[in-house]
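The next block holds one structure in the form of C-alpha cells; read it before the comments.
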Amino acid sequence: MARNQLEPLDDGYVAFRTKDGERWKHKDLTEGRVGEGFRVFISDSGEERRYRFGPNELHDATIEDLRDQLRRADPAPSPAAGSIPR
C-alpha cells in the first residue's frame, strides 16, 4: 500500500500509514457523521488508541486528518476495562 492511500479491510476497518510508514487501521465506533463519538486506531503491532470527536466535529477524514487524530488519540483502556474486540 502506498503511504498516501486508504486501504479498506475485510474486517470493516480502513488501513493507512503514518508519515514514517507505520501501518494503522481505524474504524468509527459511533453512528453518525458529525458530533460526539470516537474512532479506534489499532497498529499492526497491536497498540490501540481512541480519538474522541468534539460536539460539532465531522467524522470524515483525509489521511492527514487520520494522522493528526492518531497523534492526539489516547491509549485504549486495558482489555479488562472494555477494549474493543478485534
Side-chain angles (χ1 to χ4, degrees):
M1 172 173 70
R3 273 193 195 188
N4 290 317
Q5 291 182 335
L6 297 175
E7 176 188 357
L9 303 174
D10 292 338
D11 61 4
Y13 283 80
V14 176
F16 69 100
R17 292 191 182 271
T18 61
K19 286 186 178 183
D20 65 1
E22 187 177 13
R23 186 173 178 264
W24 287 77
K25 63 183 184 178
H26 81 282
K27 181 188 229 180
D28 285 3
L29 298 176
T30 308
E31 297 286 329
R33 305 293 298 169
V34 176
E36 295 182 3
F38 68 95
R39 175 171 284 156
V40 66
F41 291 93
I42 301 173
S43 72
D44 279 353
S45 66
E47 180 182 352
E48 187 175 324
R49 298 184 192 172
R50 293 184 185 178
Y51 175 77
R52 262 203 201 279
F53 291 102
N56 299 312
E57 190 172 358
L58 292 174
H59 293 214
D60 294 339
T62 65
I63 288 179
E64 288 304 315
D65 293 331
L66 293 170
R67 290 172 178 163
D68 180 57
Q69 290 169 0
L70 177 60
R71 279 190 296 273
R72 296 185 294 139
D74 296 318
S78 67
S83 182
I84 303 302
R86 289 175 185 70

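When a residue number appears, it is its place in the shown sequence, counting from 1.
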Query raised in the report: Can you list the residues that meet the side-chain hydrogen bond (donor to acceptor under 3.5 Å, both in side chains) rule with Arg49, with sequence neighbours excluded?
Result: Glu47
Query - Nearest non-hydrogen partners of Gly12 and Lys27, listed with the distance - result: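 Residues Gly12 and Lys27, closest heavy atoms: O-CE, 3.6 Å.
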Report task. Write down the atom of Pro55, the atom of Glu36, and the distance for their closest heavy-atom approach. Result -> CA-CG, 3.7 Å
Measure the spacing between [atom1] of [X] and [atom2] of [Y] and express it to the nearest 0.5 Å.
| X | Y | atom1 | atom2 | result |
| --- | --- | --- | --- | --- |
| Phe41 | Arg67 | CZ | CZ | 11.5 Å |
| Asp28 | Asp60 | CG | CG | 9.0 Å |
| Lys19 | Ile63 | NZ | CD1 | 11.0 Å |

Of all residues at least two apart in sequence or in a different chain, which pass the side chain to side chain contact (heavy atoms under 4.5 Å, CB included) check with [X]?
| X | answer |
| --- | --- |
| Asp68 | Arg71, Arg72 |
| Val14 | Leu6, His26 |
| Glu22 | Thr18, Asp20, Trp24, Ser43 |
| Asp11 | Leu9, Tyr13, Lys25 |

**Report entry** For Phe53, ring-ring contact (aromatic ring centres under 6.0 Å, His included) partners two or more places apart
**Finding:**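 Scan of Phe53 (ring-ring contact (aromatic ring centres under 6.0 Å, His included), adjacent residues dropped) gives Tyr51, His59.
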Query - Side chains of Asp74 and Arg52 in contact at under 4.5 Å (non-hydrogen atoms) - result: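 Not touching, per the 4.5 Å side-chain cut-off.
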Query raised in the report: Are more than 12 heavy atoms from other residues, nucleotides or ligands located less than 6.0 Å from atom CG of Asn56?
Result: no
